[in-house]
S.K.: 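My questions will all concern the structure given below.
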Amino acid sequence: MSEAAGRAAPEKRSISPIFWLLFGAGGMLAAVFGPALILITDLLAPTGIGLPENFEDYSHALAFAKNPIGKLVVLAVISLFFWHGAERLYLTLKDMKARPLLVLKFGTYGVAAAVTLATFALLLSIGF
Amino acid sequence: MSEKRPFTRPIASDWWAHPPYRAYTVRELSGVAVAVYGAVLFVGLVSLWRGPDSYGAFLRFLKSPVSILLNLVLLAAVLYHVVTWFQILPKTMPKLIVDGKQVPQARITTLVLRAVGFGAVCLVLLTIGFAR
């Protein structure tokens, strides 16, 4: 698939594929689990429809966040959802000719990176 | 020697707000709704880290009409994301050939949407069942 000429002269590599990967992972995660997650955590549990009052109370939520698998789920969902939104918002605003691009990058990818690091730190701080 | 003759076709600055591009804009912004739900969870995690009082305030927010309305909008937007995501899927993968015939893209979208929809309903029902 790759041409010989491409191999002979290594070009400057783009880091875009990293963002596409995060965008795709977040998009797939949201497409498979997004609606069910929103329904469970933000609609059924708070209103008590079908789920008990204490479903996501402090002790349950804390136990989930202390569990290693729970931590992984929380980190994956929060960070990948942000990376997905960041890629779409950045490219849309860019196509809308919003400028400067550096500000757009900080406001999208920068926010996603900051939230990822913060989520990681919070989960560590909450402990096991 | 090639002479540069740049010509850029003029385009209205609000091109994205009109058909046929509007559908594209709406689809892209439905991806932002995904991030907004991530933000709700992130706020919940921060309040959980701060302690029971802070987390209690977060739960009270989730029970508020503003939150219910916000999350109904998020749910609708994310459902739109699901449908458009699996409409894109067949365009991004190699041709699927079964019995020497190419499976139409719309057919792939329908089958995947059914499987994912079934999985989501099972997930919600299982959660309700186990939480009893």
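The sequence lines fix the lettering, A, B, ..., with proteins before strands; numbering per chain opens at 1. Predicted model, so just to flag it, every value in this text is computed and none were measured.
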S.K.: Are the side chains of F55(A) and T127(B) in contact, using a 4.5 Å heavy-atom criterion?
M.R.: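 Yes, side chains in contact.
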
S.K.: Shorter than 4.5 Å, heavy atoms on both sides: which option in L89(B), I68(B), T92(B) has the most such pairs with chain A?
M.R.: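 Option with the greatest count: I68(B).
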
S.K.: For the candidates G34(A), S79(A), A61(A), which exhibits the highest count of non-hydrogen atom pairs separated by less than 4.5 Å from chain B?
M.R.: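 Between G34(A), S79(A), A61(A), the count favours A61(A).
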
S.K.: Please look at V77(A) and chain B and tell me whether the side chain, the backbone, both or neither of the residue comes under 4.5 angstrom of a heavy atom of that chain.
M.R.: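 Contact with chain B: side chain only.
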
S.K.: Quick check for you: to the nearest 0.5 Å, what is the distance between N71(B) atom CG and L39(A) atom CG?
M.R.: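 The CG atom of L39(A) is 10.0 Å from CG of N71(B), to the nearest 0.5 Å.
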
S.K.: Quick one: are P35(A) and L75(B) in side-chain contact, heavy atoms under 4.5 Å?
M.R.: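 Heavy-atom side-chain distance check passes, below 4.5 Å.
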
S.K.: For the candidates P52(B), G31(B), A131(B), which exhibits the highest count of non-hydrogen atom pairs separated by less than 4.5 Å from chain A?
M.R.: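 Top count of heavy-atom pairs under 4.5 Å with chain A: P52(B).
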
S.K.: Between G48(A), A112(A), G27(A), A118(A), who has the most heavy-atom pairs with chain B when the cutoff is under 4.5 Å?
M.R.: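 Most heavy-atom pairs within the cutoff with chain B belong to G27(A).
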
S.K.: Check whether any side-chain heavy atom of W15(B) sits under 4.5 Å from a side-chain heavy atom of D95(A), and report yes or no.
M.R.: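 Heavy-atom side-chain distance check passes, below 4.5 Å.
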
S.K.: For V111(A), is it the side chain, the backbone, both, or neither that has a heavy atom closer than 4.5 Å to a heavy atom of chain B?
M.R.: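 No part of it gets close to chain B.
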
S.K.: Answer yes or no: are there more than 12 heavy-atom neighbours, outside L124(A) itself, under 6.0 Å from its atom CG?
M.R.: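 Correct, the count exceeds 12.
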
S.K.: Find out whether F33(A) and L123(B) are in side-chain contact, i.e. whether some heavy atom of one side chain is under 4.5 Å from a heavy atom of the other.
M.R.: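 Side chain of F33(A) against side chain of L123(B), heavy atoms only: contact under 4.5 Å found.
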
S.K.: Got a second to check how far S30(B)'s OG is from R88(A)'s CZ, nearest 0.5 Å?
M.R.: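 Spacing of OG (S30(B)) from CZ (R88(A)) equals 5.5 Å.
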
S.K.: When only pairs under 4.5 Å are counted, which of D14(B), L45(B), V121(B), V116(B) shares the most heavy-atom pairs with chain A?
M.R.: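 Most heavy-atom pairs within the cutoff with chain A belong to L45(B).
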
S.K.: Got V40(B) and I38(A) here, is their nearest side-chain heavy-atom distance under 4.5 Å?
M.R.: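 When only atoms from C-beta onward are counted, I38(A) and V40(B) do not touch, as no gap falls below 4.5 Å.
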
S.K.: Given heavy-atom pairs under 4.5 angstrom as the criterion, report whether the side chain, backbone, both or neither of I11(B) touches chain A.
M.R.: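 Neither part, no heavy atoms under 4.5 Å.
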
S.K.: Side chain from CB out, backbone as N, CA, C, O: work out which of these in T41(A) comes under 4.5 Å of a heavy atom of chain B, or both, or neither.
M.R.: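 Backbone plus side chain of T41(A), per the 4.5 Å heavy-atom cut-off to chain B.
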
S.K.: Using heavy-atom distances under 4.5 Å, tell me whether L122(A) contacts chain B through its side chain, its backbone, both, or neither.
M.R.: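 Answer is both: backbone and side chain atoms of L122(A) are under 4.5 Å from chain B.
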
S.K.: Against chain B, label E56(A) side chain, backbone, both or neither, depending on which of its atoms sit under 4.5 Å from a heavy atom there.
M.R.: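 Contact with chain B involves both backbone and side-chain atoms of E56(A).
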
S.K.: Ignoring hydrogens and geometry beyond distance, is a side-chain donor-acceptor pair present between T92(A) and W16(B) at under 3.5 Å?
M.R.: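 No.
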
S.K.: Of all heavy-atom pairs between A30(A) and H81(B), which one has the smallest distance, and what is that distance?
M.R.: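 Heavy atoms of A30(A) and H81(B) come nearest at CB-NE2, 3.8 Å.
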
S.K.: Starting from I49(A), can I reach L70(B) by hopping between I/L/V/M/F/W/Y residues whose side chains sit under 4.5 Å apart?
M.R.: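 In one cluster: yes.
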
S.K.: May I ask you to decide if the ring planes of F82(A) and F42(B) are parallel, tilted or perpendicular, using 30° and 60° as cut-offs?
M.R.: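 F82(A) and F42(B): perpendicular rings.
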
S.K.: Given that the side chain runs from C-beta out, which part of L37(A) has a heavy atom under 4.5 Å from chain B: side chain, backbone, both or neither?
M.R.: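 When you check distances to chain B, atoms from both the backbone and side chain of L37(A) fall under 4.5 Å.
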
S.K.: Measure distances from T47(A) to the heavy atoms of chain B and classify the residue's part below 4.5 Å as side chain, backbone, both or neither.
M.R.: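 Just its side chain gets close to chain B.
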
S.K.: Side-chain heavy atoms under 4.5 angstrom apart, residues restricted to Ile, Leu, Val, Met, Phe, Trp, Tyr: same cluster for L72(A) and L62(A)?
M.R.: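 No, separate clusters.
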
S.K.: So for atom CZ, which belongs to R13(A), do other residues, nucleotides or ligands contribute more than 12 heavy atoms lying within a distance under 6.0 Å?
M.R.: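 Open.
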
S.K.: Are more than 12 heavy atoms, taken from residues, nucleotides or ligands other than F120(A), located less than 6.0 Å from that residue's CZ atom?
M.R.: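 Result for CZ/F120(A): open.
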
S.K.: Compare all side-chain heavy atoms of I128(B) with those of L44(A) and state whether any distance is below 4.5 angstrom.
M.R.: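 In short, these two side chains touch, coming nearer than 4.5 Å.
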
S.K.: As a quick check of understanding, evaluate side-chain contact (heavy atoms from CB on, under 4.5 Å) for H84(A) and V32(B), giving each step before the final call.
M.R.: CA-CA 8 Å; H84(A) 180 79; V32(B) 179; over 6 Å; no

S.K.: Side-chain contact, heavy-atom cut-off 4.5 Å: D42(A) with Y37(B)?
M.R.: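 Yes. Closest side-chain heavy atoms under 4.5 Å.
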
S.K.: Contact between L41(B) and V74(A) at the side-chain level, heavy atoms closer than 4.5 Å - yes or no?
M.R.: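 In short, these two side chains do not touch, never coming nearer than 4.5 Å.
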
S.K.: Which bit of R60(B) is near chain A, if near means a heavy-atom gap under 4.5 Å: side chain, backbone, both or neither?
M.R.: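 Looking at R60(B), nothing touches chain A.
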
S.K.: Quick check on the 6.0 Å ring-centre criterion: do F23(A) and W85(B) meet it?
M.R.: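 Between W85(B) and F23(A), which both carry aromatic rings, the centre distance is below 6.0 Å.
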
S.K.: Cluster question for you: counting only ILVMFWY and a side-chain heavy-atom cut-off of under 4.5 Å, with indirect links fine, are Y80(B) and V34(B) together?
M.R.: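 Looking at the clustering, V34(B) is in a separate group from Y80(B).
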
S.K.: Please rank L43(A), L89(A), T108(A) by heavy-atom pairs under 4.5 Å with chain B and give me the top one.
M.R.: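 It is L43(A).
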
S.K.: Using non-hydrogen atoms and a 4.5 Å limit, figure out which bit of L51(A) sits close to chain B: side chain, backbone, both or neither.
M.R.: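 When you check distances to chain B, only side chain atoms of L51(A) fall under 4.5 Å.
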
S.K.: Between L48(B) and chain A, which part of the residue has a heavy atom less than 4.5 Å away: side chain, backbone, both or neither?
M.R.: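 Both the backbone and the side chain of L48(B) come within 4.5 Å of chain A.
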
S.K.: Examine whether an atom of A39(B) lies under 4.5 Å from a heavy atom of chain A, and if so say whether it belongs to the side chain, the backbone or both; otherwise answer neither.
M.R.: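 The answer is both parts of A39(B).
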
S.K.: Side chain, backbone, both or neither: which part of F58(B) has a heavy atom under 4.5 Å from chain A?
M.R.: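 Interface part for F58(B): neither.
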
S.K.: Pick one of side chain, backbone, both or neither for I88(B), based on which atoms fall under 4.5 Å of a heavy atom in chain A.
M.R.: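 Contact with chain A involves the side chain of I88(B) alone.
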
S.K.: Under a single-linkage definition using a 4.5 Å side-chain heavy-atom cutoff for Ile, Leu, Val, Met, Phe, Trp and Tyr, are V83(B) and Y24(B) assigned to the same hydrophobic cluster?
M.R.: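 Yes, it is one cluster - the side chains of V83(B) and Y24(B) are joined through contacts under 4.5 Å.
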
S.K.: Looking at G51(B), A17(B), S47(B), A120(B), which one has more heavy-atom pairs under 4.5 Å with chain A than the rest?
M.R.: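 Top count of heavy-atom pairs under 4.5 Å with chain A: G51(B).
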
S.K.: With a 6.0 Å cut-off (strictly less than), is the heavy-atom count around NZ of K94(A), excluding the residue itself, greater than 12?
M.R.: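 At most 12 heavy atoms, drawn from other residues, nucleotides or ligands, come within 6.0 Å of this atom.
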
